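See below for the structure under consideration.
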Amino acid sequence: MAGAGIHPYHHQQWPPAAAPPPPTAAPAAAPPAPPVHHPPLPAPTYDEVRTIFITGLPEDVKERELQNLLRWLPGYEASQVNYKGEKPMGFALFSSAQLAIAAKDALQDMIFDAETKSVLHTEMAKKNLFVKRGMVADSNAYDQSKRPRTGGDYTHTGYTTPSPFHPPPAPVWGPHGYMAPTSPYDPYGGYPVAPVPMPAPAPVPAPSSYVPVQNIKDNPPCNTLFIGNLGENINEEELRGLFSAQPGFKQMKILRQERHTVCFIEFEDVNSATNVHHSLQGAVIPSSGSVGMRIQYSKNPFGKRKDNNHPIASPGANGAPQALTYQ
DNA sequence: AGCACA
(Lines give C-alpha, C1' and ligand atoms only; values in the text may rest on other atoms or scores of the structure.)
Protein backbone atom coordinates (compact mmCIF):
# COMPACT_ATOMS: atom_id res chain seq x y z
CA MET A 1 0.00 0.00 0.00
CA ALA A 2 0.89 3.55 0.38
CA GLY A 3 1.14 3.68 -3.33
CA ALA A 4 0.61 7.36 -3.48
CA GLY A 5 4.18 8.29 -3.97
CA ILE A 6 5.17 5.25 -5.91
CA HIS A 7 6.27 5.94 -9.36
CA PRO A 8 5.84 2.99 -11.63
CA TYR A 9 7.92 4.32 -14.39
CA HIS A 10 8.35 0.92 -15.78
CA HIS A 11 4.84 1.01 -17.00
CA GLN A 12 4.68 4.45 -18.15
CA GLN A 13 3.19 5.37 -21.35
CA TRP A 14 4.64 8.62 -22.11
CA PRO A 15 1.90 10.73 -23.43
CA PRO A 16 -0.79 10.05 -20.93
CA ALA A 17 -4.06 9.07 -22.42
CA ALA A 18 -5.84 11.56 -20.28
CA ALA A 19 -7.24 14.52 -22.06
CA PRO A 20 -6.91 17.46 -19.76
CA PRO A 21 -6.63 20.75 -21.55
CA PRO A 22 -9.59 21.89 -23.51
CA PRO A 23 -8.31 23.09 -26.84
CA THR A 24 -9.33 26.58 -26.11
CA ALA A 25 -6.28 28.53 -27.07
CA ALA A 26 -6.35 27.99 -30.76
CA PRO A 27 -2.86 28.78 -31.90
CA ALA A 28 -4.05 29.91 -35.28
CA ALA A 29 -3.26 33.47 -36.09
CA ALA A 30 -6.84 34.45 -35.67
CA PRO A 31 -7.97 37.91 -34.67
CA PRO A 32 -8.91 38.01 -31.00
CA ALA A 33 -12.55 38.58 -31.70
CA PRO A 34 -14.57 36.23 -29.51
CA PRO A 35 -14.65 37.17 -25.84
CA VAL A 36 -13.53 33.80 -24.66
CA HIS A 37 -12.62 33.87 -21.02
CA HIS A 38 -9.05 32.86 -20.75
CA PRO A 39 -8.32 29.37 -19.52
CA PRO A 40 -5.71 28.79 -16.85
CA LEU A 41 -3.37 27.88 -19.65
CA PRO A 42 -1.14 30.74 -20.52
CA ALA A 43 -2.24 31.81 -23.91
CA PRO A 44 0.96 31.23 -25.80
CA THR A 45 2.12 34.42 -27.25
CA TYR A 46 4.31 33.53 -30.08
CA ASP A 47 7.19 35.75 -29.37
CA GLU A 48 7.65 34.30 -25.92
CA VAL A 49 10.88 32.47 -25.33
CA ARG A 50 10.17 28.81 -25.23
CA THR A 51 13.70 27.63 -25.66
CA ILE A 52 16.01 26.42 -22.97
CA PHE A 53 19.73 26.72 -22.88
CA ILE A 54 21.65 23.70 -21.68
CA THR A 55 25.22 23.62 -20.49
CA GLY A 56 27.21 21.02 -18.69
CA LEU A 57 27.10 18.64 -21.60
CA PRO A 58 30.17 16.48 -22.07
CA GLU A 59 32.34 17.57 -24.93
CA ASP A 60 31.65 14.44 -26.88
CA VAL A 61 27.91 14.79 -26.66
CA LYS A 62 25.98 13.94 -29.79
CA GLU A 63 22.96 15.83 -30.96
CA ARG A 64 21.16 12.58 -31.01
CA GLU A 65 21.89 11.92 -27.36
CA LEU A 66 20.30 15.14 -26.38
CA GLN A 67 17.35 14.56 -28.62
CA ASN A 68 16.76 11.14 -27.21
CA LEU A 69 16.67 12.62 -23.79
CA LEU A 70 14.51 15.58 -24.63
CA ARG A 71 11.96 13.81 -26.70
CA TRP A 72 10.35 12.53 -23.54
CA LEU A 73 9.58 15.92 -22.29
CA PRO A 74 6.18 17.34 -23.09
CA GLY A 75 6.12 19.91 -25.79
CA TYR A 76 9.56 19.13 -27.08
CA GLU A 77 9.96 20.33 -30.61
CA ALA A 78 13.58 20.57 -31.56
CA SER A 79 17.03 20.81 -30.21
CA GLN A 80 20.50 21.60 -31.32
CA VAL A 81 24.00 21.55 -29.99
CA ASN A 82 26.53 24.22 -30.74
CA TYR A 83 30.05 22.96 -30.47
CA LYS A 84 31.87 26.18 -31.05
CA GLY A 85 33.76 27.23 -28.01
CA GLU A 86 35.09 25.14 -25.18
CA LYS A 87 31.89 23.57 -24.02
CA PRO A 88 28.99 22.39 -26.09
CA MET A 89 25.87 24.42 -25.67
CA GLY A 90 22.50 22.88 -26.12
CA PHE A 91 19.27 24.53 -27.07
CA ALA A 92 15.88 22.99 -26.99
CA LEU A 93 12.68 24.41 -28.29
CA PHE A 94 9.36 23.60 -26.68
CA SER A 95 5.88 24.39 -27.76
CA SER A 96 5.26 26.90 -25.03
CA ALA A 97 7.16 28.83 -22.46
CA GLN A 98 5.45 26.91 -19.73
CA LEU A 99 6.58 23.61 -21.09
CA ALA A 100 10.02 24.98 -21.64
CA ILE A 101 10.21 26.01 -18.01
CA ALA A 102 8.98 22.64 -16.91
CA ALA A 103 11.61 20.98 -19.04
CA LYS A 104 14.25 23.30 -17.74
CA ASP A 105 13.40 22.33 -14.20
CA ALA A 106 13.23 18.69 -15.06
CA LEU A 107 16.71 18.76 -16.51
CA GLN A 108 18.27 21.02 -13.96
CA ASP A 109 21.23 19.40 -12.23
CA MET A 110 20.62 16.11 -13.85
CA ILE A 111 23.61 13.87 -14.23
CA PHE A 112 24.05 13.49 -17.92
CA ASP A 113 27.09 11.31 -17.72
CA ALA A 114 28.29 9.89 -14.48
CA GLU A 115 31.62 8.88 -15.98
CA THR A 116 32.61 12.32 -16.99
CA LYS A 117 30.67 13.87 -14.14
CA SER A 118 28.61 15.94 -16.47
CA VAL A 119 25.86 17.71 -14.65
CA LEU A 120 23.42 19.68 -16.68
CA HIS A 121 22.70 23.25 -16.05
CA THR A 122 19.70 24.77 -17.70
CA GLU A 123 18.27 28.20 -18.08
CA MET A 124 15.88 29.91 -20.35
CA ALA A 125 17.50 30.91 -23.55
CA LYS A 126 17.79 34.51 -24.57
CA LYS A 127 15.92 33.88 -27.75
CA ASN A 128 14.17 31.06 -29.43
CA LEU A 129 15.94 28.36 -31.28
CA PHE A 130 15.52 28.85 -34.94
CA VAL A 131 14.56 25.59 -36.54
CA LYS A 132 15.82 25.28 -40.01
CA ARG A 133 13.25 23.78 -42.23
CA GLY A 134 13.90 20.16 -42.90
CA MET A 135 16.64 19.92 -40.36
CA VAL A 136 14.49 18.42 -37.71
CA ALA A 137 11.85 16.56 -39.56
CA ASP A 138 14.08 14.95 -42.11
CA SER A 139 17.05 13.84 -40.20
CA ASN A 140 15.32 12.55 -37.18
CA ALA A 141 13.05 9.72 -36.45
CA TYR A 142 11.06 11.01 -33.60
CA ASP A 143 7.41 11.10 -34.30
CA GLN A 144 6.72 14.21 -32.37
CA SER A 145 7.94 16.38 -35.14
CA LYS A 146 5.00 15.27 -37.18
CA ARG A 147 2.33 16.13 -34.77
CA PRO A 148 0.59 19.47 -34.90
CA ARG A 149 3.23 21.72 -33.48
CA THR A 150 1.14 22.74 -30.53
CA GLY A 151 3.00 20.67 -28.06
CA GLY A 152 1.54 19.60 -24.82
CA ASP A 153 -1.52 18.56 -26.69
CA TYR A 154 -1.57 14.87 -26.27
CA THR A 155 -5.29 14.79 -26.46
CA HIS A 156 -5.47 13.55 -29.96
CA THR A 157 -6.09 9.89 -29.94
CA GLY A 158 -4.07 7.23 -31.56
CA TYR A 159 -0.81 8.22 -30.00
CA THR A 160 0.87 5.35 -28.36
CA THR A 161 4.39 5.04 -27.25
CA PRO A 162 6.14 4.24 -30.47
CA SER A 163 8.66 1.86 -29.07
CA PRO A 164 9.19 -0.20 -25.98
CA PHE A 165 11.91 2.15 -25.11
CA HIS A 166 11.37 4.10 -21.98
CA PRO A 167 13.43 6.55 -20.04
CA PRO A 168 16.32 5.25 -18.00
CA PRO A 169 14.67 3.09 -15.41
CA ALA A 170 17.07 3.21 -12.55
CA PRO A 171 18.75 6.26 -11.22
CA VAL A 172 22.46 5.94 -11.17
CA TRP A 173 24.20 7.43 -8.24
CA GLY A 174 27.66 8.68 -8.23
CA PRO A 175 29.58 8.51 -5.01
CA HIS A 176 28.13 11.76 -3.88
CA GLY A 177 25.99 12.41 -6.84
CA TYR A 178 22.55 13.77 -6.74
CA MET A 179 20.11 13.02 -9.41
CA ALA A 180 16.62 14.24 -9.75
CA PRO A 181 14.11 12.15 -7.92
CA THR A 182 13.10 8.72 -9.01
CA SER A 183 13.90 8.98 -12.62
CA PRO A 184 16.39 11.42 -13.97
CA TYR A 185 13.52 13.69 -14.54
CA ASP A 186 10.05 13.35 -13.32
CA PRO A 187 8.05 13.51 -16.47
CA TYR A 188 4.82 14.24 -14.69
CA GLY A 189 6.10 16.53 -12.03
CA GLY A 190 4.85 20.01 -12.49
CA TYR A 191 3.48 19.38 -15.87
CA PRO A 192 0.15 20.67 -16.95
CA VAL A 193 -1.15 17.24 -17.65
CA ALA A 194 -3.99 15.98 -15.58
CA PRO A 195 -3.19 13.56 -12.79
CA VAL A 196 -2.40 10.45 -14.65
CA PRO A 197 -4.99 7.85 -13.91
CA MET A 198 -2.38 5.33 -12.91
CA PRO A 199 -4.12 2.18 -13.97
CA ALA A 200 -2.53 -0.23 -11.57
CA PRO A 201 -0.48 1.10 -8.70
CA ALA A 202 2.17 -1.34 -9.70
CA PRO A 203 3.17 -3.44 -6.73
CA VAL A 204 6.77 -2.86 -7.66
CA PRO A 205 8.11 -1.19 -4.59
CA ALA A 206 9.99 1.91 -5.41
CA PRO A 207 11.31 4.75 -3.35
CA SER A 208 9.16 7.80 -3.40
CA SER A 209 12.17 9.96 -3.90
CA TYR A 210 15.85 10.30 -3.34
CA VAL A 211 17.92 12.58 -1.28
CA PRO A 212 21.61 13.19 -1.65
CA VAL A 213 23.78 11.23 0.68
CA GLN A 214 27.28 12.30 1.35
CA ASN A 215 30.33 11.73 3.44
CA ILE A 216 29.94 8.04 3.46
CA LYS A 217 32.70 6.05 4.94
CA ASP A 218 32.31 2.68 3.47
CA ASN A 219 33.66 -0.77 3.99
CA PRO A 220 35.06 -3.08 1.38
CA PRO A 221 32.43 -4.42 -0.99
CA CYS A 222 30.76 -7.58 0.15
CA ASN A 223 27.48 -9.39 -0.27
CA THR A 224 25.82 -7.63 2.62
CA LEU A 225 24.59 -4.10 2.85
CA PHE A 226 24.20 -2.06 5.94
CA ILE A 227 21.33 0.38 5.82
CA GLY A 228 21.24 3.29 8.13
CA ASN A 229 19.55 6.63 8.44
CA LEU A 230 16.15 5.13 8.14
CA GLY A 231 14.28 7.56 10.29
CA GLU A 232 12.60 6.77 13.55
CA ASN A 233 9.30 5.61 12.24
CA ILE A 234 10.51 3.30 9.61
CA ASN A 235 8.06 0.64 8.63
CA GLU A 236 9.63 -2.76 8.40
CA GLU A 237 7.14 -4.04 5.89
CA GLU A 238 7.93 -1.23 3.59
CA LEU A 239 11.62 -1.79 3.95
CA ARG A 240 11.28 -5.46 3.32
CA GLY A 241 9.08 -4.87 0.33
CA LEU A 242 11.60 -2.61 -1.23
CA PHE A 243 14.65 -4.71 -0.67
CA SER A 244 13.20 -8.12 -1.20
CA ALA A 245 12.27 -7.01 -4.69
CA GLN A 246 15.87 -6.27 -5.56
CA PRO A 247 17.60 -8.76 -7.76
CA GLY A 248 19.83 -11.10 -5.85
CA PHE A 249 18.12 -10.49 -2.53
CA LYS A 250 18.59 -13.31 -0.08
CA GLN A 251 17.63 -12.18 3.36
CA MET A 252 17.42 -9.20 5.54
CA LYS A 253 17.61 -8.49 9.19
CA ILE A 254 16.21 -5.44 10.84
CA LEU A 255 17.75 -4.20 14.00
CA ARG A 256 15.81 -1.80 16.12
CA GLN A 257 17.93 0.25 18.38
CA GLU A 258 17.39 3.15 20.67
CA ARG A 259 16.89 5.83 18.08
CA HIS A 260 18.40 4.25 15.09
CA THR A 261 16.92 1.42 13.20
CA VAL A 262 19.36 -0.21 10.90
CA CYS A 263 19.16 -3.22 8.73
CA PHE A 264 21.32 -5.74 6.98
CA ILE A 265 20.62 -7.26 3.67
CA GLU A 266 22.31 -10.23 2.21
CA PHE A 267 22.55 -10.67 -1.52
CA GLU A 268 23.54 -13.61 -3.59
CA ASP A 269 26.73 -11.97 -4.61
CA VAL A 270 28.70 -8.81 -4.28
CA ASN A 271 27.45 -7.67 -7.62
CA SER A 272 23.82 -7.61 -6.65
CA ALA A 273 24.75 -5.86 -3.47
CA THR A 274 26.71 -3.30 -5.38
CA ASN A 275 23.86 -2.58 -7.72
CA VAL A 276 21.50 -1.89 -4.90
CA HIS A 277 24.16 0.06 -3.09
CA HIS A 278 24.12 2.42 -6.01
CA SER A 279 20.54 2.35 -7.09
CA LEU A 280 18.97 2.92 -3.71
CA GLN A 281 21.48 5.18 -2.09
CA GLY A 282 19.57 8.04 -0.58
CA ALA A 283 16.25 6.45 -1.32
CA VAL A 284 13.31 7.81 0.61
CA ILE A 285 10.35 5.63 1.34
CA PRO A 286 7.15 6.93 2.84
CA SER A 287 7.67 5.76 6.38
CA SER A 288 11.19 7.05 6.56
CA GLY A 289 9.91 10.56 6.55
CA SER A 290 12.06 12.80 4.47
CA VAL A 291 15.40 11.25 5.15
CA GLY A 292 17.30 9.29 2.60
CA MET A 293 18.69 5.97 3.62
CA ARG A 294 22.40 5.55 3.85
CA ILE A 295 23.76 2.43 2.31
CA GLN A 296 27.13 0.98 3.11
CA TYR A 297 28.68 -2.38 2.81
CA SER A 298 28.45 -4.25 6.03
CA LYS A 299 31.42 -4.56 8.27
CA ASN A 300 30.46 -8.11 8.95
CA PRO A 301 29.00 -9.73 5.90
CA PHE A 302 26.59 -12.57 6.21
CA GLY A 303 28.28 -15.89 6.10
CA LYS A 304 31.52 -14.64 7.49
CA ARG A 305 32.36 -15.02 11.11
CA LYS A 306 33.40 -11.98 12.91
CA ASP A 307 36.20 -12.98 15.15
CA ASN A 308 37.19 -16.58 15.21
CA ASN A 309 40.40 -16.15 17.04
CA HIS A 310 40.16 -19.53 18.48
CA PRO A 311 41.69 -21.83 15.94
CA ILE A 312 39.44 -24.79 15.70
CA ALA A 313 41.69 -27.29 13.98
CA SER A 314 42.80 -24.59 11.59
CA PRO A 315 42.85 -26.33 8.28
CA GLY A 316 45.45 -25.63 5.69
CA ALA A 317 44.54 -24.10 2.44
CA ASN A 318 43.73 -27.50 1.05
CA GLY A 319 41.90 -28.57 4.10
CA ALA A 320 44.68 -30.74 5.37
CA PRO A 321 44.81 -30.58 9.10
CA GLN A 322 47.92 -28.60 9.72
CA ALA A 323 47.72 -29.28 13.36
CA LEU A 324 49.37 -32.61 12.80
CA THR A 325 52.47 -31.19 11.32
CA TYR A 326 53.73 -28.95 14.02
CA GLN A 327 56.50 -30.19 16.22
C1' DA B 1 26.62 7.76 13.05
C1' DG B 2 23.82 3.59 14.34
C1' DC B 3 27.05 -3.05 12.13
C1' DA B 4 23.71 -8.55 13.98
C1' DC B 5 23.33 -13.15 12.85
C1' DA B 6 25.65 -17.57 11.70
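Order of the sequence lines fixes the chain letters, A, B, ..., with proteins taken first and strands second; residue numbering starts at 1 for each chain. Since this is a predicted model, take the numbers as computed values, not measurements.
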Which listed nucleotide (B/dA1, B/dC5, B/dC3) is nearest to the side chain of A/His260?
B/dA1
Below 6.0 angstrom between ring centroids: does that apply to A/Phe53 and A/Phe91?
yes
Could you tell me if the side chain of A/Ile52 sits less than 4.5 Å from the side chain of A/Phe94, heavy atoms only?
yes
Note, A/Met124 side chain near A/Lys104 side chain (heavy atom, < 4.5 Å)
yes
Whole Å only: how far is the CD atom of A/Glu266 from the C1' atom of B/dC5?
10 Å
If you assign each of A/Thr224 and A/Asn229 to its closest nucleotide in DNA chain B, which residue comes earlier from the 5' end?
A/Asn229
Using whole Å, what does the distance between atom C1' of nucleotide B/dG2 and atom NZ of A/Lys253 come to?
16 Å
Side-chain heavy atoms of A/Phe226 within contact of A/Ile295, under 4.5 Å:
no
Just the rounded figure in Å: distance from P of B/dA1 to CD of A/Gln257.
15 Å
Whole angstroms only, please: what is the CZ-C1' distance between A/Phe264 and B/dA6?
13 Å
Length of the NZ-C1' vector between A/Lys304 and B/dA6, whole Å:
14 Å
Interatomic distance where CD1 belongs to A/Ile265 and C1' belongs to B/dA4 [whole Å]:
13 Å
Atom-pair distance (CZ on A/Phe267; P on B/dC5), nearest Å
20 Å
For atom CZ of A/Arg256 and atom P of B/dG2, their distance in whole Å
19 Å
Does a side-chain heavy-atom distance below 4.5 Å link A/Ile234 with A/Leu239?
yes
Tightest non-hydrogen contact, residues A/Asn223 and A/Val270, listed as N-CG2, 4.0 Å
For DNA chain B, find the residues of residues 287-297 of chain A with a heavy-atom distance under 4.0 Å and give them by number; none if there aren't any.
A/Arg294, A/Gln296, A/Tyr297
